[in-house]
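Working notes, structure below.
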Amino acid sequence: MTIKNICCIGAGYVGGPTMAVIAQKCPEINVTVVDINEKRIAAWNDKDVENIPIYEPGLSKVVAEARDRNLFFSTDVDSAIYKADMIFISVNTPTKTYGIGKGMAADLKYIELCARQIARVSKDDKIVVEKSTLPVRTAEALKNILENTGNGVNFQILSNPEFLAEGTAVEDLLDPDRVLIGGDIDTKNGKEAVEALVDIYAHWVAKERILTTNVWSSELSKLTANAFLAQRVSSINAMSELCEKTGADVNEVAKAVGMDSRIGSKFLKSSVGFGGSCFQKDILNLVYIAKSFGLEEVADYWEQVITMNDHQKKRFAANIVKTLFNTVSGKKIAILGWAFKKDTNDTRESAAIYVSDYLLNEQADIVVYDPKVKEEQIYADLDYLNSRAEEENRRRVTVVNDVYKACDEAHAVAVLTEWDEFKELDWQKIYDHMLKPAFLFDGRRLLQKSAIEDIGFQFYAIGN
Ligand code: UDX
Ligand code: ADP
């Protein structure tokens, strides 16, 4: 089976970069990325390729090469589905905010809508690939909808979880540790569908890095990988608090521990807490599914990773209040960084949102600077929490595009995203324009303690 036309539903952080790389590497395949969000599609089609809606190092170059050659962005979902031999579903799967499984289970309504639309539009056989992060057994639900509402068309469902990390998406896509493809490998049609997707990746990924499994293993592997990674961050963050009490330094501990080749050095960077669209959601999915099978101990075990992460964000914020003489009411606090990590404009579950919300509840005035996040996104993130009136968020939070202005006359500065540019700032200048004593809280262990303290700052760094 040779794939000529690919459709990807969802032009977000997963669909956009993944399809751009597939189009770049497979010039003979037409790739159409569709989305119902007209503004987003218009931005993907912007003449100035630097205006694409997702900031990822190297992405604009890939898009520039493939766009309008064999990579297209469109809002016409139906015709892209109709033409495609293979359809990727990369729509968002937020955590449910209502009903059964509220705050825990994934909300599959967007996935279900896609499945119904695919069933309605398709006139010939298609391979449907789940790319969104999904709870285990979603493929089965997809299959059910497609088979019962379709026009007698045959659908093969594959699971092809995305392991790219934001900020390094292009690199991760071009040189993945592995590509995982789950399918109905016990049947001839299923095997052929799996092979068709293997062939696409084999354009640039070595065959031994392309793993094929059954669908459930593939779906569960994605949740497991993210749960393990998040667990490492929570583990080192748990140690950061102990370090602060005992006089140990979490960076030294992480280095010593990470040099054990059985443990390894990655994902041991202590922080103000992990964020992003995947870790929390995937663990909650895991907890929910464990609970639904009555596996209480398994559920509790993984839930603790989230508990630790919430604690880390909260204790960072509480420490600011405590250090500023137990009150931040009416004080100006500069937040440097709003994205959940550097090199992305994604803010989903970012620690900055929760730290700021805590400080706002303590009546602080917040000024935010982030090199890539737009003002409207910052307000939307705070409004989403529903902690106070939207008008109050706009009154108490100011967003600026000059980092020095953000810190001007501030009582305290908190570094919450590890943007490289924060290392290069003129911290003497910042100090000179702050109120004294000038407090600086480093939630990312980004700054050099001795240099910062020499300037005169009252300095706190996580795990030190
Ligand atoms: C993650 C997985 O890494 C990726 O494979 C999956 O496909 C999606 O979820 P992502 O959320 O984009 O990717 O970023 P990641 O680099 O994993 O970081 C997640 C969070 O953990 C960030 O907030 C980051 O700052 C934090 N983190 C990461 C730490 O605090 N310390 C670390 O050592 C590593
Ligand atoms: P992710 O990080 O998983 O890529 P995003 O939220 O960045 O998530 O992107 C998901 C995209 O999917 C959004 O742009 C949204 O508009 C789009 N989307 C959701 N449902 C549909 C649908 N039924 N048809 C087309 N696009 C959809």
Side-chain angles (χ1 to χ4, degrees), residues 6 8-27 29-76 80 88 90-92 131 162 164-175 204 275-277 335-348 350 352 368-381 399-406 416-425:
I6 287 178
C8 172
I9 310 179
Y13 284 89
V14 172
T18 311
M19 291 306 123
V21 168
I22 290 182
Q24 184 197 36
K25 294 294 175 185
C26 310
I29 302 177
N30 271 322
V31 181
T32 308
V33 190
V34 292
D35 203 298
I36 39 178
N37 183 336
E38 289 176 13
K39 218 171 126 196
R40 213 169 206 184
I41 290 298
W44 280 111
N45 282 322
D46 198 292
K47 268 201 210 80
D48 180 355
V49 81
E50 296 306 325
N51 290 337
I52 55 175
I54 281 160
Y55 175 70
E56 273 295 338
L59 180 59
S60 55
K61 207 169 144 249
V62 179
V63 171
E65 184 186 330
R67 197 173 63 179
D68 298 330
R69 177 189 72 188
N70 64 326
L71 175 65
F72 306 94
F73 295 92
S74 161
T75 50
D76 189 351
F88 288 81
S90 334
V91 300
N92 37 332
K131 198 80 196 156
E162 190 49 77
L164 66 81
E166 289 173 31
T168 51
V170 175
E171 231 173 275
D172 295 344
L173 284 162
L174 290 174
D175 187 20
W204 76 96
S277 68
I335 301 290
L336 303 196
W338 194 262
F340 80 96
K341 63 191 278 197
K342 72 171 180 177
D343 291 339
T344 176
N345 59 348
D346 194 352
T347 64
R348 286 176 286 181
S350 178
V368 184
Y369 167 79
D370 186 287
K372 291 290 174 193
V373 179
K374 295 210 165 89
E375 178 175 340
E376 61 190 66
Q377 184 61 51
I378 293 170
Y379 288 128
D381 290 337
V399 181
V400 296
N401 52 18
D402 176 340
V403 63
Y404 295 102
K405 206 169 134 202
L416 297 187
T417 310
E418 74 282 24
W419 287 104
D420 290 333
E421 66 175 62
F422 295 158
K423 283 190 268 190
E424 314 300 327
L425 293 178

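Throughout, numbering of the chain's residues begins at 1 and tracks the sequence.
Salt-bridge check for K39 with E376: passed, with a basic side-chain N closer than 4.0 Å to an acidic carboxylate O. With salt bridges taken as basic N to acidic carboxylate O contacts below 4.0 Å, one links R348 and E166. A salt bridge links E162 with K131: the distance from a Lys NZ or Arg NE/NH1/NH2 to an Asp or Glu carboxylate oxygen falls below 4.0 Å.
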For L336 and L416: C-alpha separation, side-chain torsions, deciding distance, then whether side-chain contact (heavy atoms from CB on, under 4.5 Å) applies. CA-CA 6 Å; L336 303 196; L416 297 187; over 6 Å; no

Evaluate the criterion side-chain contact (heavy atoms from CB on, under 4.5 Å) for residue pair Q24 and L174; output intermediate values, then yes/no. CA-CA 10 Å; Q24 184 197 36; L174 290 174; 4.0 Å; yes

Does the pair D370 and W419 meet the rule for a side chain to side chain donor-acceptor pair (under 3.5 Å), with working shown? CA-CA 9 Å; D370 186 287; W419 287 104; 3.0 Å; yes

Report the C-alpha distance between V21 and K25 in whole Å, list the side-chain angles of each, state the deciding distance to 0.1 Å, and finish with yes or no for side-chain contact (heavy atoms from CB on, under 4.5 Å). CA-CA 6 Å; V21 168; K25 294 294 175 185; 4.3 Å; yes

Check the pair V49 / R67 against side-chain contact (heavy atoms from CB on, under 4.5 Å), numbers first and verdict last. CA-CA 10 Å; V49 81; R67 197 173 63 179; 4.3 Å; yes

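Between the T18 side chain and the G15 main chain, no donor and acceptor come within less than 3.5 Å of each other. The backbone N or O of R40 sits less than 3.5 Å from a side-chain atom of N37, completing a donor-acceptor pair. Counting only distance, with no hydrogens or angles, the side chain of D172 and the backbone of L164 share no donor-acceptor pair below 3.5 Å. At distances below 3.5 Å, at least one donor-acceptor pair connects side-chain atoms of N70 with backbone N or O atoms of C26.
Residues P371 and F422 come closest through the heavy atom pair CD-CZ, 4.3 Å. In terms of heavy-atom proximity, G10 sits nearest to V33 at O-CG1, 3.8 Å. P17 and G12 get closest at one heavy-atom pair: CD-O, 3.4 Å. A406 and V400 make their closest contact through CB-CG2, 3.5 Å (heavy atoms, listed as atom of the first residue, atom of the second, distance). For the pair E56 and T168, the tightest heavy-atom approach, listed with the atom from each and the gap, is OE1-N, 3.4 Å.
In this structure the side chain of V399 reaches within 4.5 angstrom of the side chain of Y379, judged on heavy atoms. With a 4.5 Å cut-off on side-chain heavy atoms, V170 and V62 count as touching. A heavy-atom distance below 4.5 Å is found between the side chains of L59 and I52. Looking at T75 and D35, their side chains never come closer than 4.5 Å, going by heavy atoms from C-beta outward. Between F88 and V14 there is no side-chain heavy-atom pair separated by less than 4.5 Å. Contact of the Y13 side chain with the S90 side chain is not registered, since no non-hydrogen atoms from C-beta on lie closer than 4.5 Å. Annotation: side chain of F72 is not in contact with side chain of I41 (no heavy-atom distance under 4.5 Å). Side-chain atoms of I22 and I6, non-hydrogen and from C-beta on, do get closer than 4.5 Å to each other.
Classified by interplanar angle (parallel below 30°, tilted 30° to 60°, perpendicular above 60°), the ring pair W44/F73 is parallel.
No more than 12 heavy-atom neighbours from other residues, nucleotides or ligands sit within 6.0 angstrom of CG on N401.
Atom CD1 of I335 sits about 9.5 Å away from atom OG1 of T417, to the nearest 0.5 Å. Atom OH in Y369 sits 8.0 Å away from atom CG in D402 (nearest 0.5 Å). In this structure, D420 CG and D343 CG are separated by 6.5 Å, a value rounded to the nearest 0.5 Å. Considering OG of S60 and CG of D46, their distance stands at 12.0 Å, rounded to 0.5 Å.
When D381, T347, N345 are each tested for a side-chain hydrogen bond (donor to acceptor under 3.5 Å, both in side chains) with W338, only one passes: D381.
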